[in-house]
Every structure is written in structure tokens, then in C-alpha cells.
Amino acid sequence: MTWTNPLTLLRHGWTRHRDSDRPIRKVISNLPFEDLKKREQPNRRYGGNAIKTNKYRLWSFIPINLFEQFHRMANIYFVGLAILNFVPVVNAFQPEVALIPICVILALTAVKDGWEDFRRYQTDQQLNNMPCFIFSRKQMCFVERRWKDVRVGDFVRVLSNEIIPADILLLHTSDPNGVCHMETANLDGETNLKQRKVVPGFSTLGEPFQPQTFDSTVVCENPNNNLNLFKGYVERPDKRRTGFGIDSLLLRGCTVRNTDDAAGIVVYAGHETKSMLNNSGPRYKRSKIERKMNTDVLFCVVLLFFMCLIGALGHAIWLETFTSMPSYIVPDSDGNYTPSVLAGFYMFFTMIILLQVMIPVSLYVSIELVKMGQIYFITQDVELYDEELDSRVQCRALNITEDLGQIQYVFSDKTGTLTENKMVFRRCTIMGTEYCHEENAAHLAVVSGANEEDEVTVYQQTKLPPLFPLEELQDVHTGDKNHANTQVSAANRRRSKAAAGAQSDMAFSSPLPYFLKQETVVVPDWKLMLEVDHQMASIQTGPYLDFFLALAICNTVVVSSATAQRQRVKGRRSSSYSGGSFHNMRQWFKKVSLGKVFRSMKFFRRGGETLADPFSIDDEEPAVFHNSDVSDVTGQKVISSERKVKSSLSGSEEVCYEAHSPDEAALIHAAKAYGFTMVERTPHYVTVKLPNDALLKFEVLDILTFDSTRRRMSIIVRHPHSKEIIMYTKGADSAIMERLGNVFSDMTRVDSEAKQLAVKTQKDLDMYARNGLRTLCFAKKVISEQEFGAWYAVRQEALSDMDEKEERLMESANFIENNFTLLGATGIEDRLQENVPETIQALRRAGMQVWVLTGDKPETAINIAYSCKLLEHEDLVFTFSTNRKSVCKMRLEETLGEVRRSTLSPGGFRGYNSTFTGPLMDPSIGLVIDGATLSMAMSDDLVDQFVELCKYCRAVLCCRVTPLQKSAVVKIIQQKLRVMTLAVGDGANDVNMIQAADVGIGVSGQEGMQAVMASDFAITRFKHLQRLLLVHGHWCYSRLANMVIYFFYKNVAYVNLLFWYQFFCGFSATAMIDYWLMIFFNLFFTSAPPIMFGIVDKEVSDATLLSLPELYKRGQHSEGYRRSTFWIAILDAFYQSLVCFFIPYWTYNGSDIGIFAFGTPMNTVSLFTIILHLAIEIKSWTVVHWVIMIGSVLVYFIVCLAYSAICISCNPPSDPYWIMHKQMADPMFYLVCILTTVVALLPRYTLHVLRGTLAPSPHLRALQLERLPPSYREQRIREWRGLRDTCISPSLRSQEHGSSPCPSA
């Protein structure tokens, strides 16, 4: 065995530490050093690929877990008492018995925590031991190893459908075009494919990869969490460099799709990969009530201290009153008596042990049981069950259920959380003519209610008229084209009126049948189809063809064959047309008797031939449309509108599209519906199949990708026929309109055709926006060879610049993107999940502020905000987007100053109150901020102004934010405003945000399971958030808050009986109640009722809570568990203990009753008082309540009678033998029990009566509404909600005068 100098090991460790501070990382191949030991490897400074996400190790489990458990002050308190009880001089009970309860509690909690961490450990081991292929120089091939064996500098090969084990620089792929497709659903929640390309010059396409020949050095940036940026270059031995970017990096956790194999060199491994750096580990969450309870436990300790201090002083003073020691005071072994001061000091600790039930162990045990019961009822709620996914809500955190009822800020992801990650093509405008696609709208309206029998009946009764009546078709064949167009237009107007009802009733987020759930099915607009066919039949060029070519190729959609279609999560359907889907559609239309509706969608054919049905497909003859020429009376060829659509897997229909965004998918399928089908995309070519089955193979010269600053995307291609260099561009309307050359600035051409086109298009865009559609403009530009050559040279220089690469690329894109020719625009509907607007509205009425944190561009976020009613069209929206901190600071100051002034002036802007009582008036301010500006706004000198501005905003949309920025926003709001936060998301990019929030909600769907695994609760739909918070959150909070307060009251009231008795026994720590009965009192007699109270009690029914979300604000303001509530309960406990002690004392004063006979009535009265006190607090009585309440009393008497009968010599010399039997035979016992209980509870009962009569709370009024008849109750609820809405503004102004103009509801 070789000995290594410790200084050498120290130097190696220091070198590794120093490397982390370098701005770059150098990676060389491990193959030449394969035989060397690990510490001699060139890449030894970099971390391995094994990961560890569990918190504990075997040796550190006990100390770390105990440290976490000792966050609870009560646990420290119990351990201290258990240790104190081992001191003989202050011993009150048997030490071993006193130690058992706390040990059991700590052990059970440790077992639970250990099991949860062990599950994380198993997941880590499963990942670390997954197989992968690493190249071996010895065997000269890729050999199977484990993920944990991968090191930086290794060459790894990944096969199709395999998960990438580390961050790999792509050097080879089996694809002939040098590309690799990967799915990032496990990383960023997106199901579309990302395209990665090989670093040029390091492998020959079509030949096997030979890692042993790689002798270059990879230079890249140090590990960081930016998923969208990666810089570096490969340096050859001759110092030549080849740059690369993020488009050449395969990310750990992603899956290779549609590529047989890919290989490369590992640059980041393990915890240094981008996916792991974006995943902050698990943290220990404690509920807000638990944190408050720890403080109140401390107060109880202080209270106990003073009670014990009184006992110690009283005992010392009592001893001083004796001139000689009485016989019942026992001396020590030497015959000496303890001095009174020292005896008082000892008595202080003995009193602590005696009165320790001030904070009983049963409190925390009961809380755990209550939370388990609450979780059971949450998971069993049928309203939170998703039948489609066969999934129910999951409660992954067992200790924060009550936090669901105190949420003040909700932070939500967008894609997959608010939306279904689907968009639907609705309408378009081309060359100033708007095409409303009524047939498509009617089709969507019909299929929206496909699963509802009632809706089917309605549609059967209100059939739409034929789209092309036979009379008009006859006119087409006998008359001229103008007459035909007039008739068709008239038919279109009649049809649009008939379809208006169906279209207007269409739910925005209504689900489609399973075979139409993708956005692929687009019914073409027949007028637009005529225009396209006319240009195809005549000149085969024109703006209409350019428009659809732009739709087809100006995107980043990945094309794959149907045979290579990746397997998706159960329930997903292929996005391509297929014979099966058409067959299902035909069968479905027949089922609902709507075949006539779509059979009326005819296109012209020659002579008297029958017209084809676009949805009628022959099982044996898949061809639906056939090209044919129709001649009018003038002999001109008119239209060939019937297209050939293949239902079999042949031709262009074999392709499957993987879009980077749902709007791209909607657009490319819209182009496909009109016959413009993209059939192939490579890094250098894109092929489109035209309606006449001709193929156009465009040479791709460059792609200017979309960014949030330019807000547009361009593709520069060479036309295969004309050889012209054409740039097709799509983007936001403002990003396109401002670059139409001098269309608007040239005043000499006021009525120019281009200007009229732009004005008409802008009007259509405004109409789309008012309808809540997402808009995109399309334009083109013909570039000369000289202009492109000069620009391309500048572009290549920018690509090779490592320092200012992004800036120079931006400048080059802005330079070429100008003088556009406008083609048209589209309107796309982003499908929200079901009931998202209603859910957001309910959360707002409940006093919560809803934020959206998304990585998407601002336009997408704003459109979604309007669609889901997060923003209204009359709202004033501030948009912050800048790269300069000075500009950000100026905008913040100006905006904040304006908002401050306006909120103080009458009729100004309206905002949210910082006390979180909900909206003062209907708020109308929104804030949109991008990721770069957000980073500056969250800097130390601007964060306070940013947070203050956000307090005034109705909605805040953070766009283009990274996962760590999401968590940073949540943490800042938590720290600055001290509010309860909830984060909801569905992808791995939401994990940090979910873990940073007080409550994390994961949406389990088809976007991976990492968000669910990191969450506290998992739901399947965003709409479930409404019931989870407003119903279960409210119940859990109110139940647990009332139960905790009741526990403090119960134990203080019981302990004080022992304390008052000390004034009559010389403060000698003597108990007048048997020790075992004291244990049974908390363990059996009074433990079940509060647990039942915390699990099943309902202040208000679920229907009322959903109808009146304002009731949720009680938890936000902590009205159920305030400091005042705690002290009122303590004072009430002192009063009731005084009554329960002194009434029996005065009754039996002067008699010869024994000590346990004296304590039995007090114990019984205390039980009655505590049980009936809970009965006053119970809001909804059920059979369970009656059984447990009466059962507790019966158990008390049965146990006491049995114990008194069998305990002959339990506590000599005074035994409880037959005590209970004698007391129950005495009528005075019953009189004392009744009188004492009434006097003890009379103040609380009176207070409840007066408060319910004179100043009823909203919950009490809601409870009164539930007792009304259903019809009248609904009317009163509507009146209440309407009254609150109309009185919000006047009540705010009346607060200054101390009155409210609104009566009680």
C-alpha cells in the first residue's frame, strides 16, 4: 500500500477549493489517465456524480433529529423535569415513571422522521445505481457502469429514451444532421422536445464515435444554476478554438428522445449539475400555530415559575412559624432538620415536578393525532378526487395542515398550473381581411360539451343550418362567380347568426373529448380556403401563401416520425392526425346526431358531384379530399378546394410535432389544416408540403431566436424556386408594427395600401385582445445577396465573441429586422384549466393576493392574466423591463410616488391594504416585471420600495424568472411583510419556490413528479386549491387553534386545584388527588373530547365557506389563536379553578373528611367543568360528539369506582379505598357538583350569549344563515356578498368618522 504525504492531500484539497473561485473550468479526457488512482486524475478537483438529498447519516441521525425536535420548547421542558426528578431531595414521583412519557414522544417522532429520510435515501440510491454507458480505454468500447461511477472528463453514451446521467457536452449523435432531441419535463416541467447540436469538428457524421482520439481541452464556465446559459469553447492542441453554447449541452435528468444514441464528455457531475444547483434541499417546516405555541409554552413556564416561587416562599415562611419542629416533619439520616430557607429552595423544584401537568405531554400527542385525522378527511374528500387521472389529493407533510387556513399570499406557476399547456387556433387576419373561422368556433363549442348529455340534447334540438345550402350550390354551377360569392356570403351571415348562440355559450376552459384534446383539429375557414386555392391554382405565390409558409416554418418545432413518437404519460394522445382519431370523431358526431352540421361543410366540386364531408372518412379509402379543377362560365379555372387528407400512416401524415411552446403547436397545426405541412426540419433545411402535394425545401441560412427584449423571432431562408433570400418574422404586434419601414412616418402616403393594411390589421388585433386571445403578427422581408453577406459576416463575429456575445447578437438581429412587409396576424386561445378564473376570484375574496411567477415571456403572462381574470382590461398595468439599475430605481420611485399620491386622493388608484384585510376597494393596479429587472428590484437598496409597490398591486406577474428567483421572491415577501405564503407549481423548476413557501402545493399531472415530491400537498387541478384552502384550511386552522387554546385552559385549570391546596397544607407539595387518578385524568378522562373537537368540529359548513370566501380571513388575522385569546383562556382557567376548589372547600370545611375524600369532589367537579366548557365551544353537534362526551364521563366514574374498590393499599397511610363509593352515596356530593359547575361556567356562557346577541361574528351570522330554508338562504348570501361589495368603498371613507354606512347582513 502506497503511503501519501498528508501535505500532498492537503494541497490537493486546497487546489480543489481554489478552483471553485476561478471563473472558468478546464476539463480534459480521463482516458489517458484511466489506470491512475483517483487522487492523481487530472479532473480530481471536481465533484463526483453521486448525489445525497437525505438529511441524516447513520451516525448523525440521533443528534440532528433531537436538535430539530428541541425546536419545541415543551420537549426541552419535559426532558428537564425528567432529569430533575432523579434528584432525591426534590423527588416527587418515581423517576423511571416520569421519564417514560417524554422518551416515548421523542422516539415516535424520531421513527417518523427517520422513515421519511430513509425514503429519500432509497431514492438517492436508486438514482446513483442507475445504469449508463462509459467509454473504457482498456476495452475500447462503451461499458455499462452506474451513475455514481461517472466523473467529469468521462465519455458517456446515452441511448434513446434513457435519462441523461450528468451534464454532457454533445460531441456525437446518430442523427445524420448532428442533432439530438431531449425532453426536459423532469427539469423544467415542459413536455416538448429541445434540440441540441453537436460541437462541430469533433466527430464525423455517419461514423462511429471514437473518444480515444479526443485530445482537446474543454474550457467552460464554472457550475451555475442558469438553465438557459452555457458558455465555453473547445481548444485543440494547435490552440484553435471552437465555441459552443447551451444548444450543445445535454442536461442531467432530461431524457433523450427520437435519437438512437448520443455521446459526449461530462463537464458537470452530481451536485454541480445545473439541475441539482436549481434544487435546494428539503427543510424542516413548522406551522405558524406551532411557533406561537412554543411562545405560549414559555409563558406557561414563566407562570409555573412564579407559582413554584410562591410555593417555595410559602413553605419557608410556614416552617419559620414553628418554634419547634412538629412530629410530622421527618429529619434526615443524621437526625438534623433541613433549614427553612434550604427547605424552601428544595420545595421550589418539588413544586415544579408536582405542577408539571401545566404543560402535559398529551398536548403534543393530541396535536399529532388531530393532524392525522384532519389529513384523513382531506384525502377522503370526494370533491378533491380527479376521476380522469384516478388521483386524490396527497398530504405529504403531516405537521402544517393548519397553515392552509392562514395563507395571505399565493405564488403560482403558469404553464401546467393555471393552464393545460395547450393553445387553440381561433382566428386570423391576412392582408387586412379578418377570417373568424366560425366553423372552427362552432366545432370547439360542440366538442366542449361532448361528455355532457344535457348539452348534447341542446345541440340536437338547435341544429345549425347547412354551411353551403344546395340552392346556393346550384347558383354556383349556373351563375357567375360574383353571384356565387354573394350567395355564399349571405349563407355565411345566416350561419354566423345561428352559430352565435353556441359560440357565446362556449366555456373558455371547457374540456375537449379525449380524441380532440390536442390543439391539432382545426376546421378551416371556407373563405380563406378559397383564397389559398386561388393563389395555388394561378400564380402559386402571394401573401396568403407567404402567411401560411411563415406559420409552418417560422418556429422551433421539432419534427419526428410517428414510429419514433416517444411514449408519453398515460392519457396523452398523439398530436398528429390518424385514421383512428378520424374514426373516433366520425363515430362521436354520429352519436350526438351532429353529422349534418359538419356534413354541411362542403367545398365546390365539378358539375353535379356530391360534396365531401371533411369528417366522413371511408375505412378502406382514406382519401377524403381530391384535387379537381372547377371552371366557371368564362372558362377560367376557379377553385380546387378539396384536399387529400390521409388517415393512414403514410406521407406527410406520419410526422409528429414537438413544439417548444403551445402557441407554436397551434400555429403549425393551423398551417397543416390548410395544407401547408412541415415534414422535415434539420439544422440547414426545412421542408414544407404544399396543398398540391409539392415539396418546398428551404435552405435555412440563420434563425434569430425569440427573446423578451425583441419580442419576435425570425428565420432567414433561401426560396428553392426563386432563390431569393427571405426572412419570415413573427412576434408581438408592437415588435412588428414599429418595424414596417416608413408606413406610419411617411405623411406623403396617407392612404397608401401598406398603411391601410397596417391599420386594418391593428383593429383586428385590438378586437382579438378584447376577446382574450393571444395575438401574433407575421411579416416577411426579401433580403439582397449583398446585404445578407455583409450582415452574416457581422453575425459570425458576434457568435465567436465570448465576452459580449449576447449584446452583439442582439445588435445584429435588430439591424436586419426592419422594413417588414406585413402579412397578417393570428388569434390563439390559451386553454385554462377548468374553473381557474372562479378559483382566483374566490381566493381574492378570501383576502389573498395572487402572484404569477413564470419563466415565460411577458406577453404570455399578461394574456393569461387577462384570461384567468387576474387582471381586468380596465386595470392600470405597470411594466418594468430594463437592464439598467438606475432606470429601475427611477421607475420604482416614480411609480411608487404616483401610487401613494393617488391612493390618498379621492377617486385615485385603488390598491390593497397592507394589513391584509382584503381589498379596500376594487383594486386596479397590476405589475409586470421581467427576470433581469426583478434581480435589480430585489437588491438591498431597492427591495423595500419594490415590496411597498407590490402591496398596492392587485396582481404581480414576474416573467422570465429562474427557479431560484422564484424562491427568492417568496422569501423576500415572507421576511419583509411577515405573511403566510403558499406556492403552487407543477414542474421541477418550481421546486425551490415550493420549498421556500410556508405551504408548498404540487400539481400532479403530465409534467413530471418532482414538484409533487418536493411539495407539502399535491393536487391534480388548480381549482382544487379553492376547496383545499377555503374549506379544509379553514376547518383545520379553527379546529386546531381552538383545541390548543382549550388544552392550555384545561391543564391550567386542573393544575391550579393542586396550587390552591398548597395554601392549606403548608406548601408541602401534597396532593389531595390520588397520583394515578391525576395521570388518568389527562390520559383517559379528558383526552378524547378535545381530539374529537380538533378533528370533526365544523364552525360553518363547506357550502357556506365556498359561498362566502370572506370567512377565510379569520385565519389570516389569527383570530382563532391570538395572544389575547390565550390570556383570556388562562384567566378563565384561574377563575374556574378557584370556584372548583373553594366551593367544595367551604362545603366540607370543619368536617372530618379525609384528604382523598376531600379531593374526589374537586376532581369530579373539574371534570364536569372542563367537559361542559368544551360543549359550549362546540359549533356542530354530531353523534360522535355525544358518544365521546358522555363516554368520557362514564369512563371517569367506572375507572374511579373500580380503582377505589381494588386499591386497598396504594398510597399509605391514606388510601383511596372505597372513597368514590362513599361520595356517590352522599347527596351533598351531587349538590356540590351541580352548583360548582354552574357557577364556574356561568361567566363564559353569559359572554357567549351577549356576544352572539349584540355583536355576532361573521361566522355566527353564517351559521344562522345555514338554519334558513335553502331558497331564502341563497338569497341572503347573495345579499350579504353584494352588500359587502357595495359597502367596501363607503365603509373605508366612513372609518375616518367612526361610523359605517352599511348595516349588518
Under 3.5 Å: donor-acceptor pair, side chain of [X], backbone of [Y]:
{"X": "Thr839", "Y": "Asn835", "result": "yes"}
{"X": "Thr962", "Y": "Gln965", "result": "yes"}
{"X": "Gln1116", "Y": "Ala846", "result": "yes"}
{"X": "Arg900", "Y": "Glu898", "result": "no"}
{"X": "Glu948", "Y": "Gln945", "result": "no"}
{"X": "Gln833", "Y": "Phe1022", "result": "yes"}
{"X": "Asn225", "Y": "Lys274", "result": "no"}
{"X": "Arg844", "Y": "Arg954", "result": "yes"}
{"X": "Ser939", "Y": "Ser935", "result": "no"}
{"X": "Thr1104", "Y": "Val1100", "result": "no"}

In Å and rounded to the nearest 0.5 Å, what is the [atom1] to [atom2] distance from [X] to [Y]?
{"X": "Lys971", "Y": "Leu964", "atom1": "NZ", "atom2": "CG", "value": "8.0 Å"}
{"X": "Leu1108", "Y": "Lys1113", "atom1": "CG", "atom2": "NZ", "value": "11.0 Å"}
{"X": "Leu1030", "Y": "Leu1105", "atom1": "CG", "atom2": "CG", "value": "7.5 Å"}
{"X": "Ile378", "Y": "Cys395", "atom1": "CD1", "atom2": "SG", "value": "4.5 Å"}
{"X": "Cys959", "Y": "Ile862", "atom1": "SG", "atom2": "CD1", "value": "6.5 Å"}
{"X": "Ile840", "Y": "Leu870", "atom1": "CD1", "atom2": "CG", "value": "5.0 Å"}

Do we see a donor-acceptor contact under 3.5 Å between the side chains of [X] and [Y]?
{"X": "Asp764", "Y": "Thr761", "answer": "no"}
{"X": "Gln406", "Y": "Tyr1037", "answer": "no"}
{"X": "Lys292", "Y": "Ser287", "answer": "no"}
{"X": "Thr1020", "Y": "Asp386", "answer": "yes"}
{"X": "Glu290", "Y": "Asn399", "answer": "no"}

Practice problem: Test Cys950 against every option in Ile972, Leu927, Ile929, Val969 by the side chain to side chain contact (heavy atoms under 4.5 Å, CB included) rule and name the one that passes. | Solution: Leu927

Quiz prompt | Result of checking Leu982, Thr981, Ile994 against Val970 for side chain to side chain contact (heavy atoms under 4.5 Å, CB included) | solution = Thr981

List the atom of [X], the atom of [Y], and the distance in Å for their closest heavy-atom pair.
{"X": "Cys1036", "Y": "Thr401", "value": "CB-O, 3.7 Å"}
{"X": "Arg710", "Y": "Thr705", "value": "NH1-O, 2.6 Å"}
{"X": "Thr417", "Y": "Gly985", "value": "OG1-CA, 3.5 Å"}
{"X": "Leu1029", "Y": "Leu404", "value": "CD2-O, 3.4 Å"}
{"X": "Gly405", "Y": "Tyr1112", "value": "C-OH, 3.2 Å"}
{"X": "Leu776", "Y": "Leu667", "value": "CD1-CD1, 3.7 Å"}

Exercise. Before giving the answer on side-chain contact (heavy atoms from CB on, under 4.5 Å), spell out for Ile828 and Val424 the whole-Å C-alpha distance, their side-chain angles and the decisive distance to 0.1 Å.
Key: CA-CA 6 Å; Ile828 300 175; Val424 180; 5.7 Å; no

Beyond-backbone contact of [X] with [Y], side-chain heavy atoms, under 4.5 angstrom:
{"X": "Leu957", "Y": "Lys414", "result": "no"}
{"X": "Ser412", "Y": "Leu853", "result": "no"}
{"X": "Arg1021", "Y": "His1024", "result": "yes"}
{"X": "Thr826", "Y": "Arg427", "result": "no"}
{"X": "Met993", "Y": "Phe411", "result": "yes"}
{"X": "Tyr952", "Y": "Leu896", "result": "yes"}
{"X": "Leu942", "Y": "Lys889", "result": "yes"}
{"X": "Lys1023", "Y": "Val836", "result": "no"}

Quiz prompt | Results of salt bridge (Lys or Arg N to Asp or Glu O under 4.0 Å) for Arg739 - residues two or more places apart only | solution = none

Quiz item: When the ring planes of His1259 and His1034 are compared, do they come out parallel, tilted or perpendicular, using 30° and 60° as the limits?
Solution: parallel

Practice problem: Can you label the angle between the His1032 ring and the Trp1035 ring as parallel, tilted or perpendicular, going by 30° and 60°? | Solution: perpendicular

Does a salt bridge link [X] with [Y], judged by any charged N lying under 4.0 Å from a carboxylate O?
{"X": "Arg845", "Y": "Glu1110", "value": "yes"}
{"X": "Asp413", "Y": "Lys966", "value": "yes"}
{"X": "Arg1114", "Y": "Glu1099", "value": "yes"}
{"X": "Asp941", "Y": "Lys885", "value": "yes"}

Quiz prompt | Exceeds 12 heavy-atom contacts within 6.0 angstrom, atom CZ of Arg1122 | solution = yes

Practice problem: Can you sort out the partners of Asp766 under side chain to side chain contact (heavy atoms under 4.5 Å, CB included), two or more places apart, ordered by chain and number? | Solution: Gln762, Arg770

Self-check item: Listed partners of Thr895 passing side chain to side chain contact (heavy atoms under 4.5 Å, CB included), at least two apart
Solution: Phe878, Phe880, Arg891, Val899, Leu949

Practice problem: Apply the test side-chain contact (heavy atoms from CB on, under 4.5 Å) to residues Lys869 and Glu872: give CA-CA distance (whole Å), side-chain angles for both, the deciding distance (0.1 Å), then the verdict. | Solution: CA-CA 6 Å; Lys869 307 303 180 184; Glu872 301 291 346; 4.0 Å; yes

Quiz prompt | Full working for side-chain contact (heavy atoms from CB on, under 4.5 Å) between Val961 and Asp930 | solution = CA-CA 7 Å; Val961 292; Asp930 62 15; over 6 Å; no

Practice problem: Please assess Val956 against Gln849 for the test side-chain contact (heavy atoms from CB on, under 4.5 Å), listing each intermediate value before the final yes or no. | Solution: CA-CA 9 Å; Val956 179; Gln849 287 208 41; 5.6 Å; no

